[in-house]
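Just follow the structure's listing: the first ligand is 1, and inside any ligand the first atom is 1. Index from 1, following the sequence. Atom set for the values below is all heavy atoms of this structure, side chains included, hydrogens, waters and symmetry mates excluded. As the structure is a prediction and not an experimental result, all values here were calculated from the model.
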Amino acid sequence: MVAVRENLMEIQADIEQAAEKAGRNKEDIHIIAVTKYVTIERAQEAVSAGVTNLGENRDEGFLAKYKELRDRACWHFIGSLQSRKVKDIIHHVDYIHSLDRYSLAKEINKRSQKTVPCFVQVNVSGEESKHGLAEEEVESFIKDLAALEHIRVVGLMTMAPHVDNPEDTRPLFKKMRLLRDHIQKQNFHHAPCDYLSMGMSNDYQVAVEEGATHIRIGTRLVGKEF
Ligand SMILES: *Cc1c(COP(=O)(O)O)cnc(C)c1O
């Protein structure tokens with residue numbers, strides 16, 4: 001497998017180019033290495049290569065990597081989260097990217113003693129297989145979250161459908177940015193909503209051009225081992 005360091009340098013160059021094209025600051029774009037397909041050793045290699053954000057989509061994988069790497073990384077939970085699993089991960093996560101229902105928010109709120117930065121997941125493509133709220137549900141959902149003292153909505157997250165031509169995802173990313181801007185403008189105390197978590201291995205350049213602040217990259221950065 002190609003060294004993580006090499007992949008990272010290429011991805012950083014792509015980001016720089018996309019950011020420049022869009023008139024953005026490259027410092028505003030955070031790479032999250034998604035390690036769900038790889039071993040703990042490969043995750044360690046990523047951290048040694050300078051990756052500071054790690055993401056996992058299942059609690060088992062999350063805890064396995066967390067146990068080894070702990071303070072060496074900032075921890076993102078990016079997959080759909082069952083309420084009964086919240087207590088297992090809540091004291092170790094720095095960000096949850098998959099907040100998609102009030103019952104889950106209530107459980108997070110109950111299990112945490114401190115503020116939990118969350119992204120609200122949006123199903124912007126409307127595909128039935130995708131998790132997340134419909135675009136038109138997002139605002140009232142976020143308003144309801146004001147009642148939960150430990151929930152802070154730092155941004156919106158989406159997973160675009162896999163398409164052959166990443167350009168096809170551009171309208172969805174654009175829609176996400178407009179929705180983020182709309183929420184942000186309302187200055188909700190519990191929901192600054194500054195961030196946009198979108199873009200994966202096949203479409204991160206387009207996502208950055210359209211305003212992504214957090215891109216979640218697995219295959220292209222650390223590879224796929226199992
Ligand atoms: C797996 C996964 C990714 C990364 O996917 P790649 O295509 O391998 O980059 C990003 N986000 C989520 C939510 C995932 O589950």
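Rounded to the nearest 0.5 angstrom, Lys67 NZ and His92 NE2 are separated by 11.0 Å.
Considering Arg177, Lys175, Arg180 as possible partners of Glu210, the one that fulfils the salt bridge (charged side-chain N to carboxylate O under 4.0 Å, His left out) test is Arg177.
Under the 3.5 Å distance criterion, with hydrogens and angles disregarded, a donor-acceptor pair is assigned to the side chains of Ser197 and His97. For the residue pair Asn109 / Glu149, no side-chain donor-acceptor distance below 3.5 Å is found, with atom types taken as modelled.
For a heavy-atom separation below 4.0 Å, the residues in contact with ligand 1 are Val34, Lys36, Tyr37, Asn57, Ile78, Met157, Met159, Met200, Ser201, Arg216, Ile217, Gly218, Thr219.
With sequence neighbours left out, Tyr102 forms a ring pair (Phe, Tyr, Trp, His ring centres under 6.0 Å) with no residue at all.
For the residue pair Leu81 and Leu104, the shortest heavy atom distance occurs at O-CD1, 3.8 Å.
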